[in-house]
Amino acid sequence: MPKWLDNAVFYEIYPQSFLDTNADGIGDFQGIINKLDYIRNLGFNALWINPCFLSPFGDAGYDVADYYTVAPRYGTNEDLKRLFAEAHKRGIHVLLDLVPGHTSVEHPWFRESMKPERNEYSDRYVWTDSVWEAPENMGCLRALSQRDGSCAVNFFTCQPALNYGYYNRTRPWQQSPEDEGPRATLEAMMDVMRFWLTMGCDGFRVDMAMSLVKNDPDGRGTIALWQKVFNVLEQEFPEAAMVSEWGEPEKSLQGGFHMDFLLHFGPSHYNDLFRCQEPYFSDRGLGDASKFVERYLESREKAGKDGLICIPSGNHDMTRLAKHVEGEEKKLAFTFLLTMPGAPFVYYGDEIGMRYVENLTSVEGGYERTGARSPMQWDSCVNAGFSAAPKEKLYIQQDPAADRPTVAQQLPDPDSLLNFVKQLTQLRQAHPALQNRGGIHFVSNGAPKQALAYEREQAGEKLLVAMNPFREAVAFPYSGKLGEALFTFGGAASQKGEAVQLPPVSAVIYRLD
């Protein structure tokens, strides 16, 4: 288990939307390098960079055409290597986004697999034996070449599914994970990981990590596959960190991943907090966090003591946090995000409350996600400091509002969201109980009109974190004794007997005597 994960706080960068340094309207590696000091000064010590490999960008880079070459619009392999080095100088670790489940139709592997003559790539993808037969419960590509068969796709039609085998096989063309073709696919993907880890990458966020072995309803085949990967990686690269897009920590962490995301789909009830009609972190007081707490504790117990459950502020696949959580409510949401166990992930721009840009035409397969991928807003200069290109050349249209938030506005304002986030990251790093492996015990579960409160404990330190997002004061039963107030927002708590009362729209952190 990489030691650096103990206090990692991640910042997610969508590279094409972060900072453009060559005026082509698209962000690049040099832009990330230029802002490493900004990221570090905010208290982030780890990065997740979305896909940056060669791609036709039918799905924003999640359709890879060459795993070994970065997309020229971002720079060169040497530029990415320099980014790793510059990040490391500042104590920042870097995860790349790995897409092991599918490639682009332009990948040389796929072009070879389409040939009717048998070759080493014929079994690299999931092919049926006949063009008239589609893979069960999957979309497919047909009649792209003279090969007789249909090729399964994982998501978009430009993303043919790589072949890691079938756990339950019902057709002659379905191979076992132990067959030669699936084993060759896995070894090829491990070689990709070795290449970038040797280059200086510190690990990977793995896209659709649950999807590799097909017809695997309980995930057993995919868990076994990842266990094989980690048996090798832990020997060769013991400090490499791996986070899965899976959403079921009890499965991904059993497979060997160090971290698993709570997703906006699936069973986690993550959306109850930030992204539903009445989120818990809304001052209207109609939300309910209790189902999230129940599911979180179940997942944490199944994950075991070594697994980290990651709760993001958002990501490139969700609407922006600020679409559903407004005003000072965002500060309550960040108090929660930055005081929970596991490694927190903050999506670029959420730290200043960037808005979801409504009604944008889809860009590179974004569709409704496009409005959450708009360029970063740095200052009041042209294109909010993102790019010196003409406005019409920008990768995605920016928030056109005159009052759009920017970094330059918020840096000097001690009451800004940006400085609030910075205060919380610094507090997290200063207190072991708030860090990634600290224990948690909920004392109020955020049921309707109730506070969300929990004890955090590690290394002999014990703290109480409590939040009230509502417009009226709330109280919760608590028999512990409050000590020094380490953090207050919206007013201090008061304790009378065995109850703690919180002012409206407030958050507190107390040392426990």
Side-chain angles (χ1 to χ4, degrees), residues 15-16 26 50-74 96-166 171 173-175 181-182 184-193 195-196 204 206-214 245 316-317 362-367 369-370 373 395:
Q16 51 266 63
I26 300 175
N50 291 119
C52 53
F53 305 126
L54 193 67
S55 170
F57 292 98
D59 186 18
Y62 284 92
D63 48 332
V64 178
D66 182 352
Y67 288 104
Y68 291 95
T69 304
V70 303
R73 69 188 195 178
Y74 302 131
L96 294 181
D97 211 321
L98 181 71
V99 188
H102 51 262
T103 69
S104 162
V105 291
E106 296 186 11
H107 198 293
W109 295 349
F110 186 66
R111 295 191 178 279
E112 289 298 311
S113 79
M114 288 195 297
K115 294 179 178 178
E117 303 83 16
R118 290 284 301 174
N119 61 64
E120 65 175 301
Y121 301 101
S122 295
D123 295 327
R124 184 58 53 90
Y125 297 82
V126 178
W127 286 90
T128 69
D129 285 336
S130 168
V131 72
W132 310 115
E133 181 181 5
E136 187 178 10
N137 300 319
M138 298 183 73
C140 68
L141 299 169
R142 304 181 195 231
L144 292 181
S145 71
Q146 297 308 307
R147 176 171 179 168
D148 189 7
S150 301
C151 184
V153 295
N154 256 6
F155 197 62
F156 292 160
T157 53
C158 61
Q159 295 168 326
L162 287 163
N163 178 26
Y164 295 92
Y166 276 68
R171 300 293 297 153
W173 49 266
Q174 294 175 355
Q175 299 180 340
T185 303
L186 181 59
E187 189 56 43
M189 199 54 59
M190 290 182 66
D191 284 343
V192 170
M193 289 188 269
F195 179 83
W196 291 107
F204 301 94
V206 180
D207 179 68
M208 295 178 66
M210 79 298 279
S211 71
L212 302 193
V213 177
K214 306 305 182 188
E245 183 190 34
H316 59 290
D317 283 335
S362 177
V363 176
E364 294 186 353
Y367 300 98
R369 304 172 297 180
T370 303
R373 302 174 177 184
Y395 167 73

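The shortest side-chain heavy-atom distance between Asp129 and Arg171 does not fall under the 4.5 Å cut-off. By the 4.5 Å heavy-atom criterion applied to side chains, Thr103 and Leu162 are counted as neighbours. Contact check for Pro160 versus Cys151: side-chain heavy atoms found under the 4.5 Å cut-off.
Ion pairing between a basic and an acidic side chain is recognised when a charged N comes within 4.0 Å of a carboxylate O; Arg118 and Asp123 show such pairing. Here Arg73 pairs with Glu364 in a salt bridge; the nearest charged N to carboxylate O distance falls below 4.0 Å. A salt bridge between Arg373 and Asp317 is present, with a side-chain N of the basic residue lying under 4.0 Å from a carboxylate O of the acidic one.
With Asp66 contributing its side chain and Leu54 its backbone, the two residues share no donor-acceptor pair below 3.5 Å. Using a distance-only test at 3.5 Å, with no hydrogens or angles considered, no donor-acceptor pair links the side chain of Thr370 to the main chain of Ser362. Remark: the backbone N or O of Ile26 is not paired with any side-chain donor or acceptor of Tyr74 at under 3.5 angstrom. Ser113 contributes no side-chain N or O that, together with a main-chain N or O of Ser122, makes up a donor-acceptor pair within less than 3.5 Å. Checking side-chain atoms of Arg111 against main-chain N and O of Pro108 turns up no donor-acceptor pair under 3.5 Å. Using modelled atom types, no side-chain atom of Thr128 and backbone atom of Pro135 make a donor-acceptor pair closer than 3.5 Å.
Closest approach of Phe57 to Asp63, counting heavy atoms only: N-OD2, 3.5 Å. Considering every non-hydrogen atom in both Phe110 and Leu141, the closest pair reads CZ-CD1, 4.0 Å. Taking every heavy atom of both residues into account, Ala143 and Val131 meet most closely at N-CG2, 3.9 Å. Residues Ala161 and Met138 approach most closely at CB-CE, 4.2 Å, considering heavy atoms.
Ring geometry for Tyr62 versus His316: interplanar angle under 30°, hence parallel rather than tilted (30 to 60°). Ring planes of His107 and Tyr67: tilted class, angle from 30 to 60°.
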Open item on the list: Does Glu120 form a side-chain contact (heavy atoms from CB on, under 4.5 Å) with Trp109? I'd like the steps, not just the answer.
Closed with: CA-CA 9 Å; Glu120 65 175 301; Trp109 295 349; over 6 Å; no
Open item on the list: Evaluate Asp59 against Gln159 for side-chain contact (heavy atoms from CB on, under 4.5 Å), listing each step before the verdict.
Closed with: CA-CA 9 Å; Asp59 186 18; Gln159 295 168 326; 2.7 Å; yes
Open item on the list: Evaluate Glu245 against Asp97 for side-chain contact (heavy atoms from CB on, under 4.5 Å), listing each step before the verdict.
Closed with: CA-CA 10 Å; Glu245 183 190 34; Asp97 211 321; over 6 Å; no
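For the ring-ring contact (aromatic ring centres under 6.0 Å, His included) with Trp173, the lone residue among Tyr166, Trp127, Tyr125 that qualifies is Tyr166.
Shown here are the side-chain hydrogen bond (donor to acceptor under 3.5 Å, both in side chains) partners of Ser150, two or more places apart in sequence or in another chain: there are none.
Side-chain contact, Thr185 with Asn163: no donor N or O sits under 3.5 Å from an acceptor N or O.
Atom CD of Glu136 has 12 or fewer heavy atoms from other residues, nucleotides or ligands within 6.0 Å.
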